[in-house]
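Here's the structure we're looking at; comments come further down.
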2 protein chains.
Amino acid sequence: MTDSAYPNGRNGVPCLACPLRLKPAFKDKTDEEIRFIQAIKTEHRHLPAGSDIIHPGQQDAELYTLFSGWAFRYQLLPDGRRQILNFLLPGDLVGLQASLLSAAQHGIEALTEVELCVFPRKRIWDLFVHMPNLAYEVAWLGSREESLIDQNLTSVGQRNASERIAALVISLYRRAEALGLVTDGGFRFPLSQQQLADALGLSLVHTSKTWSRLRKAGLFAIAEGRLTLLNPRLTSRMALLYEREVAPRPLI
Amino acid sequence: MTDSAYPNGRNGVPCLACPLRLKPAFKDKTDEEIRFIQAIKTEHRHLPAGSDIIHPGQQDAELYTLFSGWAFRYQLLPDGRRQILNFLLPGDLVGLQASLLSAAQHGIEALTEVELCVFPRKRIWDLFVHMPNLAYEVAWLGSREESLIDQNLTSVGQRNASERIAALVISLYRRAEALGLVTDGGFRFPLSQQQLADALGLSLVHTSKTWSRLRKAGLFAIAEGRLTLLNPRLTSRMALLYEREVAPRPLI
DNA sequence: CGTTTGTTTGAGCCCTATCAATCTACGTGG
DNA sequence: CCACGTAGATTGATAGGGCTCAAACAAACG
């Protein structure tokens, strides 16, 4: 909980120098806000791929910011079926719902190696008391996550297999793009087909077949763990997307 | 925006005497909090069933509290398919996501005749500045809604038709129960089968067949627009629910 | 009463699930 | 260096849950 500025170390990058905030997707912060964030940040945590960040039913989970890497939220049924609810990319809040509701209705797992900025649950309250603008952004981020889940629910409920895959690819592409993670029309794509299937609400086999059909149709390509969007127009059309402008995104 | 206490009239019930707050599901408020809410409430609005409360793409929507009646949030695909994202019951916030994100990614429609308490969008900010406890509850309610959508997404992605219906019935039953709307094991159930189908991600025909099969199996009964849960145990088992305690619910 | 809106039921087909086997990549140990 | 084991991806065959088409039925309404 030290406030000192340090190049790195236990607490990683100082918030004042946080590279995430420089990305186009992120809203400017005042020095006061950044210092407050720095003050309540207790740790900069590294976890390997596959780690449980929050396990289902966990009480009083901490709040995190995803500094680097990918994660996903999921829910399990008693018989083992799993639904992946949404994917978390750098800059996303991790565990807000679990923090506010005090008992997590879901789990969160690291999809790749991740770095997390750790904020104790109790401090969220301080933030609401002392930093209303930051509190407002927390609420904003919560609503934005809900909006993403809305879209996934619409996908799973109304779109067929091809349309679901196209919609997911477009959605992830746009998010990666907003974070400056897209180079040469492609970005790191660390999902296994089982994870894809669980996110799409499809079986593994059908996911594999549809996935490869869309690749052969030239919509996108996979190589070396990267996805390259070869035909954005066609992919977007197949996804049956409404082209609605998304609000500009402030982020902690 | 008057602060006066009145028995009813243009602004309906004064917040100090709001009957909703007396229900077991609602958290106590201080007089100061209630007066603040009263002060920013601009209208008590009545709308008939089927009204658009927020239309898809709407800018700068107002924020509402659902005082009475049911509503639902939905998303449309360009070809007309509709996904109902969640149902809104008395006491729920209406349009938080639309207010925070400034452009609604969804629509909200009155399912029955409704009464809404109207709060102007700009005042939400005042609430964050002056009433951190209320702001925290707004965020809490946002997370609670997200949790409901998570469960719907899991349902639509992983459960078959019977399981989905059972899960929806149980979920609505519990929410109605927490609001004291259940009498004689039943509650008002104003959904058409088309709305059910759009919420479940099933076709109208298949919804009708499965719905009547579960009724004939004795899980629940429909009469005079009311649903009576005849066999909660069996319904709950069919829904493949995890029995996890839900957090106590504060509400504005 | 005719009309409209919503519900029910039957028939046939297709999309997706399931089962099963093969293939590939990759890491480990002999 | 190569045999082997494991995890993930791919492909074929078959079955079933859910969709679509279509028509009958019921209830609400002017």
Side-chain angles (χ1 to χ4, degrees), chain A residues 48-50 70 72 77 79-84 109 111-112 155-169 188-217 220-227 238 240, chain B residues 48-50 70 72 77 79-84 109 111-113 155-168 188-217 220-227 238 240:
Chain A
W70 288 37
F72 63 87
L77 294 189
D79 66 356
R81 283 178 261 176
R82 176 177 72 168
Q83 177 66 40
I84 292 185
E109 181 178 321
L111 188 58
T112 66
S155 239
V156 173
Q158 303 299 327
R159 290 191 244 250
N160 67 26
S162 302
E163 294 163 353
R164 283 184 219 182
I165 290 180
L168 179 61
V169 166
R188 182 177 179 201
F189 195 83
L191 305 189
S192 74
Q193 298 205 351
Q194 183 63 64
Q195 289 158 344
L196 264 177
D198 288 347
L200 297 168
L202 296 170
S203 72
L204 173 60
V205 173
H206 196 60
T207 300
S208 176
K209 286 173 179 170
T210 310
W211 185 247
S212 82
R213 185 151 33 82
L214 295 193
R215 269 166 13 218
K216 282 167 189 155
F220 52 82
I222 298 284
E224 300 158 30
R226 287 172 50 86
L227 185 150
M238 173 164 290
L240 290 178
Chain B
W70 288 37
F72 62 86
L77 294 188
D79 65 357
R81 281 177 263 177
R82 175 177 75 169
Q83 178 66 40
I84 291 184
E109 183 179 320
L111 189 57
T112 68
E113 177 179 298
S155 239
V156 173
Q158 302 300 325
R159 290 192 244 252
N160 67 26
S162 303
E163 294 163 353
R164 283 184 219 183
I165 289 180
L168 179 61
R188 180 175 181 202
F189 195 83
L191 305 189
S192 74
Q193 297 204 355
Q194 182 63 65
Q195 288 158 345
L196 265 177
D198 288 348
L200 297 167
L202 295 171
S203 71
L204 172 61
V205 172
H206 196 58
T207 300
S208 175
K209 287 174 179 170
T210 310
W211 184 247
S212 82
R213 184 151 33 82
L214 295 193
R215 268 167 11 215
K216 283 166 190 158
F220 51 82
I222 298 284
E224 299 159 30
R226 286 172 52 86
L227 185 150
M238 173 163 289
L240 290 178

Mind checking what makes side chain to side chain donor-acceptor pair (under 3.5 Å) contact with [X], not counting sequence neighbours?
X: Ser208(B); result: Gln193(B)
X: Ser192(B); result: Gln195(B)
X: Glu109(A); result: none
X: Arg164(B); result: none

Exercise. Does Arg215(B) put a side-chain nitrogen or oxygen below 4.0 Å from OP1 or OP2 of dT8(C)?
Worked result: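 The answer is yes; a side-chain N or O of Arg215(B) sits under 4.0 Å from OP1 or OP2.
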
For this session: Measure the acute angle between the ring planes of Phe189(A) and Trp70(A), then classify it against the limits of 30° and 60° as parallel, tilted or perpendicular.
Result: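 Plane angle over 60°, so perpendicular.
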
Starting from [atom2] on [N], measure out to [atom1] on [X] and report it in whole angstrom.
X: Leu202(B); N: dT16(C); atom1: CG; atom2: P; value: 14 Å
X: Leu196(B); N: dT7(C); atom1: CG; atom2: P; value: 8 Å
X: Arg159(B); N: dA17(C); atom1: CZ; atom2: P; value: 17 Å
X: Gln193(A); N: dC23(C); atom1: CD; atom2: P; value: 18 Å
X: Asn160(A); N: dT16(C); atom1: CG; atom2: P; value: 5 Å

Problem set entry | Inter-end axis angle, the helix from dC1(C)-dG30(D) to dG30(C)-dC1(D), with every axis fitted to five base pairs (rounded, 10 degrees) | 30°

For this session: With a 4.0 angstrom cut-off to heavy atoms of chain A, pull out the first and last contacting nucleotide of DNA chain D, in 5'-to-3' order.
Result: dA9(D) to dA13(D)

For this session: Could you list all the salt bridge (Lys or Arg N to Asp or Glu O under 4.0 Å) pairs where at least one residue sits in residues 199-209 of chain A, not counting sequence neighbours?
Result: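 Passing the test, one end in residues 199-209 of chain A: no pairs.
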
For this session: Return each pair, listed once, that meets salt bridge (Lys or Arg N to Asp or Glu O under 4.0 Å) where at least one residue sits in residues 193-205 of chain B; pairs must be two or more places apart or across chains.
Result: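 Qualifying pairs, neighbours excluded: Arg82(B)-Asp198(B).
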
Problem set entry | Counterpart residues, side-chain contact (heavy atoms from CB on, under 4.5 Å), relative to Ser203(B) (two or more places apart) |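 Per chain and number, Ser203(B) pairs via side-chain contact (heavy atoms from CB on, under 4.5 Å) with Val205(B), His206(B).
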
Exercise. Listed by chain and number, what are the side-chain contact (heavy atoms from CB on, under 4.5 Å) partners of Ser212(B), not counting sequence neighbours?
Worked result: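 side-chain contact (heavy atoms from CB on, under 4.5 Å) check on Ser212(B) returns Arg215(B), Lys216(B).
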
For this session: Have a look at Ser203(A) and say if it touches a base, only the backbone sugar-phosphate, or nothing, with a 4.0 Å heavy-atom cut-off.
Result: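 It contacts base atoms.
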
For nucleotides 9-14 of chain C, tabulate all protein N/O to nucleotide N/O atom pairs closer than 3.5 Å, reporting atom names and distance.
unit_1: dG10(C); atom_1: N7; unit_2: Lys209(B); atom_2: NZ; d: 3.2
unit_1: dA11(C); atom_1: N6; unit_2: Lys209(B); atom_2: NZ; d: 3.3

Exercise. Taking the side chain from Thr210(A) and the backbone from Ser162(A), do they hold a donor-acceptor pair closer than 3.5 Å?
Worked result: no

Exercise. What pairs with Glu163(A) under salt bridge (charged side-chain N to carboxylate O under 4.0 Å, His left out), at least two apart in sequence or on another chain?
Worked result: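 Scan of Glu163(A) (salt bridge (charged side-chain N to carboxylate O under 4.0 Å, His left out), adjacent residues dropped) gives Arg81(B).
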
